[in-house]
Amino acid sequence: MHRVEDNFNGIIRGVEEINVDQLLADTNRIIKEGRNGAHIMEMLHGIRNYDDLTYVHSMNVSLICSIFAGWLKLSKEDTKNLTLAGLLHDIGKMLIAREIINKPGKLDTHEYEIMKTHTIKGFQVLKDQSVDISIKYAALMHHERQDGSGYPNGFAANQIHEFAKIIAIADVYDAMTSSRTYRKAFCPFDVVESFELDGFTKYDLKYLMVFLERIVESYLHNLVRLSDGSEGEVVMINKLSLAKPMVRVGNTFVDLSKEHDLIIEEII
């Protein structure tokens with residue numbers, strides 16, 4: 001992990017060219033150790049208690065992008081570029097004041113405006129590097145949204161690069177399922193529900209639906225704790241409400257889409 005951080009620092013200072021193989025070495029090692037995409041998602045869920053440093057988040061997003069590329073059946077070259085784009089998407093944050101990056105609480109308006117410049121700073125760091133243009137655009141546009149509500153340019157729909165649309169989903173998923181100094185990590189099913197509630201206008205549906213369905217499938221047969229304290233196994237996915245699967249608690253099957261007072265509180 002420190003090798004990634006050292007590479008980032010060298011690129012930021014302008015003293016290193018991007019070495020794709022070296023940067024992706026750790027990502028590729030973790031992918032090879034994982035049995036499949038679902039197993040890697042379990043591994044990620046287990047390491048999210050580490051400090052929320054930019055390069056740790058970047059590694060997580062890179063891994064998610066590699067799995068996502070498989071779900072989307074992207075070519076080998078596109079998979080490599082998307083994985084690298086995930087790793088480098090937030091490199092501009094290393095040019096933001098550390099006290100803003102590590103602030104133990106929500107940013108105020110002024111700090112948030114400074115934070116938003118990381119997309120432009122990231123593009124500027126990468127623009128003269130000999131990597132695919134998709135990687136540069138992903139750094140610039142991963143906070144743009146389908147409805148034009150994102151930044152830095154307020155781009156909408158077909159103005160946004162496809163890789164940026166994919167990374168936007170992976171980025172939000174990892175951020176929400178990771179602990180912050182001011183809040184606990186959200187349960188993945190809470191994040192899926194959040195995407196279902198307001199994500200359909202903000203993210204490209206052709207990517208979002210694949211992601212949500214496969215994420216939920218990756219937790220099939222996992223043990224979960226419900227909000228009433230009971231524990232059970234996820235046994236069936238509800239395609240019409242992905243955040244509300246069927247859970248077997250003892251000998252009882254609980255359909256969370258019909259039990260409105262019950263939610264999955266934690267994966268155990």
Side-chain angles (χ1 to χ4, degrees), residues 1-16 18 23 26 44 47-65 84-129 131 135-145 147-155 160-161 163-186 190-191 194-195 198-199 202-203:
M1 207 68 94
H2 288 293
R3 188 163 62 245
V4 175
E5 187 180 23
D6 290 342
N7 281 325
F8 275 19
N9 285 323
I11 294 161
I12 287 287
R13 292 196 307 270
V15 297
E16 277 189 41
I18 289 177
L23 270 179
D26 283 333
L44 276 181
I47 64 173
R48 285 206 172 95
N49 293 326
Y50 286 104
D51 288 341
D52 183 39
L53 300 174
T54 296
Y55 64 89
V56 174
H57 169 64
S58 298
M59 177 68 77
N60 287 351
V61 172
S62 180
L63 284 166
I64 294 169
C65 283
L84 185 58
L87 190 62
L88 296 173
H89 79 287
D90 264 351
I91 196 167
K93 281 188 178 175
M94 298 185 77
L95 293 170
I96 303 294
R98 191 170 285 272
E99 57 267 26
I100 291 178
I101 294 290
N102 295 328
K103 182 178 178 179
K106 292 193 76 171
L107 301 179
D108 63 31
T109 304
H110 176 65
E111 291 165 336
Y112 183 55
E113 289 304 314
I114 293 172
M115 177 66 89
K116 291 199 303 190
T117 65
H118 79 273
T119 53
I120 294 169
K121 291 179 188 295
F123 179 76
Q124 289 169 340
V125 166
L126 297 174
K127 66 180 171 59
D128 295 326
Q129 292 279 348
V131 292
I135 295 162
K136 303 172 187 181
Y137 282 152
L140 179 65
M141 300 184 197
H142 65 277
H143 282 285
E144 301 287 5
R145 296 294 181 258
D147 59 3
S149 64
Y151 65 86
N153 294 307
F155 287 167
I160 307 169
H161 192 279
F163 277 17
K165 294 178 181 183
I166 295 169
I167 289 172
I169 297 167
D171 181 38
V172 170
Y173 179 81
D174 182 68
M176 291 185 73
T177 54
S178 298
S179 295
R180 290 288 187 269
T181 51
Y182 55 91
R183 65 157 172 80
K184 289 195 328 182
F186 289 98
D190 285 340
V191 180
S194 174
F195 273 122
D198 67 3
K202 295 185 182 298
Y203 305 94

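Counting heavy atoms from C-beta outward, Asp171 and His57 have side chains that approach closer than 4.5 Å. The closest side-chain heavy-atom distance from Lys93 to Met115 is below 4.5 Å. Using a 4.5 Å heavy-atom cutoff, the side chains of His142 and His118 are in contact.
Ala170 and Cys65 get closest at one heavy-atom pair: CB-SG, 4.1 Å.
Within the 3.5 Å criterion, the main-chain N or O of Gln129 finds a donor-acceptor partner in the side chain of Lys136. Remark: the backbone N or O of Gln124 is not paired with any side-chain donor or acceptor of Lys121 at under 3.5 angstrom. Looking only at distances, a side-chain donor or acceptor of Glu144 sits under 3.5 Å from a matching main-chain atom of Phe155.
The structure places CD1 of Ile114 at 13.0 Å from CG of Leu95, a figure rounded to the nearest 0.5 Å. Distance check: Phe163 CZ to Met141 CE gives 13.0 Å after rounding to the nearest 0.5 Å. If you take CD1 on Ile135 and CG on Leu87, they are separated by 9.5 Å, rounding to the nearest 0.5 Å.
The distance between the ring centers of His143 and His89 does not fall below 6.0 angstrom.
Within a 6.0 Å sphere centred on OH of Tyr137, heavy atoms belonging to other residues, nucleotides or ligands number 12 at most.
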Report task. Let me see the working for Ile120 and Leu140 under side chain to side chain contact (heavy atoms under 4.5 Å, CB included), right down to the final yes or no. Result -> CA-CA 6 Å; Ile120 294 169; Leu140 179 65; 4.2 Å; yes
